[in-house]
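Both ligands and their constituent atoms are indexed starting at 1 by order of listing.
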Amino acid sequence: MAAAFADALRSLVGPAFVSDDEATRRAYGVDALGIGHPADLVVRPANTAEIAGIARLCHEHRIPLVVRGAGTGYTGGAVPTAGGVVLSMERLDRIIEIDEVNLLAVVEPNVITGDLQRAVEAVGLFYPPDPASLDTSSIGGNVAECAGGPRAFKYGVTRRYVLGLEAVLPTGEIIRTGSKAVKNVVGYDLTQLLVGSEGTLAIITRITLRLIPKPPAYRTALATFTGIQGAVDAVSALVARRVIPAALELIDQDSIEAVQQHTGEALVPAGTGAVLILETDGTPAAVEEEMARAADACRAAGALAVTAAASDAERDRIWAVRRAVSLALKATGLTKVNHDVVVPRGRVPDLFAVVADLRARHGLRIASFGHAGDGNIHVNIMIDGSDPDARARATAAERTLFEQVVALEGSISGEHGIGFAKKPYIGLELSPDEIALMRRVKAAFDPRGILNPGKMFPDA
Ligand SMILES: Cc1cc2nc3c(=O)[nH]c(=O)nc-3n(C[C@H](O)[C@H](O)[C@H](O)COP(=O)(O)OP(=O)(O)OC[C@H]3O[C@@H](n4cnc5c(N)ncnc54)[C@H](O)[C@@H]3O)c2cc1C
């Protein structure tokens with residue numbers, strides 16, 4: 001990289017905020033996918049004006065520019081696969097405003113999701129999107145990936161809460177999309193175009209989020225089943241009874257065992273083959289009534305037991321199990337090839353049939369867990385990563401999984417995005433015309449293709 005370019009960056013943001021040492025370049029070159037590539041330079045700007053200057057410089061010098069939030073992404077979105085500059089948003093981490101009259105918050109992108117939730121809950125408000133990574137991921141990353149979480153079943157994903165954005169184009173202009181009003185139909189909806197754009201269209205520098213009143217009460221329960229089928233039947237029974245819990249999470253036997261191994265605790269009775277975590281929220285009367293109906297549905301589907309949390313500590317313990325699954329699977333020492341496929345809710349039983357078939361046909365260990373309520377299941381193929389044969393079987397299973405999910409009218413990613421990990425497969429879901437249109441949108445924002453190159457689209 002030309003010394004003149006690095007010097008220009010240093011004079012723009014200050015030399016202390018531009019790093020080129022090996023350790024930093026590697027640390028900022030990897031995300032939770034675990035397959036990294038070092039950046040050439042890491043820059044940590046303080047504000048939107050500096051970010052606009054960095055974009056202009058990169059555009060002018062045709063240097064790849066990759067935005068990094070908290071680096072918890074699962075598809076390599078923040079990895080600088082083509083080298084260049086990693087632009088870390090870590091210094092833009094302020095909650096600028098919580099507007100209790102208009103029910104909204106204005107934040108900088110690197111506010112940690114859980115910190116925002118706690119801040120708004122302190123004044124009786126609620127920001128529902130709750131990715132399991134909420135204590136480590138940033139709102140900017142959540143917006144760029146359109147993150148979801150257990151509460152998406154009832155409350156929807158990040159997209160539903162984004163009212164407006166400030167963003168820097170890869171050519172250096174600063175744009176403002178949407179507004180603070182809840183209605184806005186002027187022009188194309190650039191706000192929603194940027195949500196889920198995985199850092200390929202613009203650099204999001206400020207976010208206006210819709211809030212709702214905090215539900216006054218909640219009830220949480222753990223239902224155990226002998227196997228996946230019972231848990232899946234319970235989901236259908238719940239919906240048939242018109243119960244939409246705030247959360248409905250499924251964990252299969254492989255995942256439960258990994259958590260038990262990781263924590264050293266027996267979390268469920270022996271013989272448990274699957275669990276559902278249910279949470280209802282609303283007024284005290286409504287949560288009790290809904291939970292009673294939900295528990296009935298679980299029992300009708302053959303639940304071994306439905307145990308309600310008797311205290312906040314018990315509730316936290318139940319959720320800690322769910323949030324530990326991902327890390328516990330990683331801690332098995334096997335390579336976790338992570339997928340977050342989604343099917344229409346009614347096709348969840350078909351999805352599990354596909355998974356059982358893949359397991360048998362390819363001789364693979366597959367651990368599944370996730371958001372049963374909205375059909376978004378994390379299917380994790382667990383392999384010895386050093387075994388080329390296991391890798392080949394996992395790759396074959398992955399393609400079949402994606403083909404089958406699309407055949408079930410679902411999608412190959414519900415919330416983790418495409419990054420570089422899933423880009424070979426988007427043609428299974430999108431037509432050549434749709435991909436070509438998306439490439440033209442990308443070119444309109446980023447004519448020189450400098451922003452997060454090599455992501456989302458299949459290689460030419
Ligand atoms: C243990 C664990 C559990 C997880 N659970 C969930 C879950 O339940 N639901 C879920 O949806 N995800 C989950 N994830 C995935 C991950 O946390 C989310 O994708 C999250 O939204 C990424 O946020 P981040 O700040 O870490 O973004 P990063 O990983 O830093 O970046 C992700 C992408 O967003 C882009 N980006 C980041 N900030 C900006 C910005 N300001 N402007 C433009 N582009 C930007 C990057 O370029 C990159 O393409 C989990 C991850 C882990 C490790």
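- With respect to atom 49 (O) of ligand 1, the closest heavy atom belonging to the protein is E198 O, 3.0 Å.
- Of all protein heavy atoms, the one closest to atom 34 (O) of ligand 1 is A144 CB, 3.2 Å.
- The nearest non-hydrogen atom to atom 28 (P) of ligand 1, considering only G141, G148, G71, comes from G71.
- The shortest N or O to N or O distance between S137 and ligand 1 is not under 3.5 Å.
- Under a 4.0 Å criterion applied to the non-hydrogen atoms of A202, ligand 1 contributes the atoms 43 (C).
- The N/O atoms of E415, backbone and side chain alike, include one that comes under 3.5 Å of an N/O atom in ligand 1.
- Comparing heavy-atom distances from atom 4 (C) of ligand 1 across G196, G77, G34, S133 singles out S133 as nearest.
- Note: Y155 and F126 meet the aromatic proximity criterion, with ring centroids under 6.0 Å apart.
- At a 4.0 Å heavy-atom cut-off, ligand 1 does not touch S197 at all.
- Of the N or O atoms in A132, one or more lie within a sub-3.5 Å distance of an N or O in ligand 1.
- Here the heavy atom of the protein found nearest to atom 42 (N) of ligand 1 is I204 N, 2.9 Å.
- Here D31 has no heavy atoms under 4.0 Å from ligand 1, in either its backbone or its side chain.
- In this structure, G417 does not count as a contact residue of ligand 1, since none of its heavy atoms falls inside 4.0 Å of the ligand.
- Side-chain contact annotation: Y74 with E145, donor-acceptor N/O pair under 3.5 Å absent.
- T191 and T177 share a donor-acceptor pair across their side chains, judged by distance under 3.5 Å alone.
- Neither the backbone nor the side chain of T205 comes within contact range of ligand 1; no heavy atom lies under 4.0 Å.
- Below 3.5 Å of separation, one finds no N or O of I203 facing any N or O of ligand 1.
- Screening R26, R10, R25 against D20 for a salt bridge (Lys or Arg N to Asp or Glu O under 4.0 Å) leaves a single residue, R10.
- For the residues K455, H416, M89, E145, the heavy atom positioned nearest atom 33 (C) of ligand 1 is part of E145.
- Protein heavy atom at the shortest distance from atom 31 (O) of ligand 1 is A78 CB, 3.9 Å.
- In this structure, H371 has its ring center under 6.0 Å from that of H378.
- Ligand 1 lies within reach of V67, whose nearest heavy atom is under 4.0 Å from it.
- Of the protein's heavy atoms, T72 OG1, 3.4 Å lies nearest to atom 22 (C) of ligand 1.
- Residues T205 and E108 have side chains that never bring a donor and an acceptor to within less than 3.5 angstrom of each other.
- Using a 4.0 Å cut-off between a side-chain N of Lys or Arg and a carboxylate O of Asp or Glu, R345 and D374 do not qualify as a salt bridge.
- Inspection of the D31 and T72 side chains reveals no N or O donor paired with an N or O acceptor under 3.5 Å.
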Would you check, one step at a time, whether the test side-chain hydrogen bond (donor to acceptor under 3.5 Å, both in side chains) holds for E198 with T200? CA-CA 5 Å; E198 301 191 28; T200 63; over 6 Å; no
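- Only the side chain of P109 comes within 4.0 Å of ligand 1, counting heavy atoms alone; its backbone N, CA, C and O stay farther away.
- Contacts between S138 and ligand 1 below 4.0 angstrom, taking non-hydrogen atoms only, involve backbone and side chain alike.
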